[in-house]
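To start, the structure itself, in structure tokens.
Every number for a ligand or one of its atoms is a count from 1 in the order of the listing.
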Amino acid sequence: MSNGYEGAAALAARFPAGFTWGAATSSYQVEGATDADGRGKSIWDSFVNEPGRVVDGSNGDTAIDSYRNIAGDVAAIKSLGLSSYRFSLSWPRICPDGDGRVNPAGLRYYSDLVDALLAEDITPWITLYHWDLPQALEDKGGWPVRDTALRFADFALIAHTALGDRVKHWITVNEPWCAAFLGYASGEHAPGRREPAASIAAAHHLMLGHGLAARAIKHADPEATVSIGINFYPIHAATDDPGDLDAARRVDGVQNRWFTDAALRGAYPEDVVEDFKAVTDFDFIRDGDLETIHAPIDILSVNYYSRFTVTGNGGSASASAAPTGAGSAWPANEHIGFVPAGLPVTDMGWEIEPAGLTEVLTRLHRTYPEVRLAVTENGAAFPDKLDEGRVRDPERQDYVARHLAACADALDAGVPLVGYFAWSLADNFEWAWGYTKRFGLVYVDFETGERTVKDSGRWYGDLVRRARSNREAE
Ligand code: FCB
């Protein structure tokens with residue numbers, strides 16, 4: 001095992017009492033059962049059927065069958081000793097047409113899942129939007145259209161009314177950057193559109209939806225913990241060349257400042273507004289929108305995987321696009337290239353930089369001291385093999401351990417970090433990469449559905465048990 005972090009006992013001792021220990025998934029990636037019990041279609045159901053969109057030609061029709069296997073998921077979470085589970089709601093399972101018509105069977109699945117978790121003393125953290133927009137709303141224009149944000153607020157309230165008596169942790173939108181710019185600019189994700197101006201409108205309406213949903217939930221339950229999930233990256237300029245420094249400012253602006261400044265400051269960063277003027281006149285922003293978006297939140301959810309090194313001189317248009325012929329995810333910034341810094345990479349080609357997580361967390365705390373932070377996704381894909389009932393994945397264990405040490409460093413520096421969720425509980429459908437990338441702590445045989453806790457999962461479970469029992473003994 002490589003070094004750079006302490007052993008499990010010492011690492012566990014660095015986390016405070018009451019720290020949330022979890023793992024995460026999302027609906028389309030795990031549920032399957034895409035036409036069961038009145039579920040409507042999502043944009044992912046349509047997208048995966050278009051040739052060439054997913055590298056292995058696969059889809060989420062079966063995924064890892066979580067819809068039909070609540071017991072299996074809860075048993076896996078329990079076997080890891082986790083205190084929390086983060087999962088998302090499939091909007092079209094609950095509202096098949098994207099409007100106020102509710103499918104009771106859809107709500108029942110999530111209600112049963114919540115009950116099964118609570119029966120094992122596992123706290124549910126719900127994400128309302130993890131990218132599976134009802135196709136019916138995409139047919140009316142999707143996220144570039146304002147009405148989608150209003151329908152999202154309705155859906156949030158429907159979900160909260162059904163589950164809010166038992167669920168206190170709500171994440172409105174997961175990674176609006178991906179939903180807007182991979183969905184509507186590069187087209188790597190559903191709905192696969194390549195419309196730079198529309199992607200910026202989509203980004204705004206995702207934030208408007210966040211603000212409306214956050215306010216609706218807080219109004220219904222002032223005790224609820226409301227959050228938004230954003231993917232952050234330290235951005236480095238490739239050289240001191242002014243073009244590279246400007247590229248770093250631009251990518252940092254869109255990736256790290258655009259969404260958080262809107263949510264926590266009630267204003268989009270002025271330099272990024274200037275950059276985006278090359279492609280949009282912002283006619284979709286109405287008076288009062290930023291005020292709505294600036295809804296009080298309790299926790300900022302941080303998804304962290306990697307860092308970027310950028311140049312203003314072109315090159316690779318994306319840090320990690322799947323080889324599916326996608327366009328640029330960077331409207332008004334198409335001249336920017338992403339270059340490798342020579343660090344070790346995961347199976348996604350993502351550079352491994354644990355110190356970057358400390359950097360992201362301390363910067364966020366410095367900039368937005370009023371909000372607590374949680375790491376709601378962190379993890380790595382590696383090409384795992386099941387070998388006589390065992391999956392030896394020392395690289396993933398090393399990745400998680402070093403990122404947890406980075407979290408502990410942030411705690412030492414005074415960052416109010418309240419939890420850590422590994423991505424992912426189990427191997428699943430990795431979007432445009434299909435089933436070719438494995439992120440789970442639990443290995444899934446995609447043919448039979450059989451699950452095997454990986455070595456990294458055992459290690460994480462051991463660490464979590466130590467951390468939780470250390471503190472209970474105090
Ligand atoms: C994040 C997504 C999650 C998963 C991981 C690897 O961007 O939120 O669904 O795909 O990346």
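- Shown in contact with F439 at under 4.0 Å from a heavy atom are these atoms of ligand 1, numbered in order with element: 6 (C).
- Per-residue contacts place H130 under 4.0 angstrom from the following atoms of ligand 1 (heavy atoms of the residue considered): 2 (C), 3 (C), 8 (O), 9 (O).
- Between W258 and Y268, the ring planes are parallel. Angles under 30° get that label, and only those over 60° would be called perpendicular.
- Of the N and O atoms on the side chains of T309 and R307, at least one donor lies less than 3.5 Å from an acceptor on the other residue.
- The single protein non-hydrogen atom nearest to atom 5 (C) of ligand 1 is Y305 OH, 3.2 Å, given as residue, atom name and distance.
- Backbone and side-chain nitrogen or oxygen atoms of W350 are examined, and none is located within less than 3.5 angstrom of a nitrogen or oxygen of ligand 1.
- Legend: residues meeting salt bridge (charged side-chain N to carboxylate O under 4.0 Å, His left out) with E175, ordered by chain and number and at least two apart, are absent.
- Using a 4.0 Å cut-off to heavy atoms of W431, the atoms of ligand 1 that qualify are 3 (C), 4 (C), 9 (O), 10 (O).
- The protein heavy-atom contact nearest to atom 7 (O) of ligand 1 is E175 OE1, 2.5 Å.
- The protein atom (non-hydrogen) at minimum distance from atom 3 (C) of ligand 1 is E377 OE1, 3.4 Å.
- When each of D462, V464, L463, V453 is paired with L80, the side chain to side chain contact (heavy atoms under 4.5 Å, CB included) condition holds for V453 and for no other.
- Considering only residues two or more places apart in sequence or on other chains, D65 meets the side chain to side chain donor-acceptor pair (under 3.5 Å) condition with none of them.
- Neither the backbone nor the side chain of N231 comes within contact range of ligand 1; no heavy atom lies under 4.0 Å.
- No option in D132, D45, D61 other than D45 meets the salt bridge (charged side-chain N to carboxylate O under 4.0 Å, His left out) test with R39.
- Using modelled atom types and a 3.5 Å distance limit, the side chains of N378 and Y420 yield a donor-acceptor pair.
- Shown in contact with W131 at under 4.0 Å from a heavy atom are these atoms of ligand 1, numbered in order with element: 2 (C), 7 (O), 8 (O).
- Less than 4.0 angstrom separates some heavy atom of E430 from each of these atoms of ligand 1: 4 (C), 6 (C), 10 (O).
- The distance criterion of under 3.5 Å between nitrogen or oxygen atoms is not met by S26 with respect to ligand 1.
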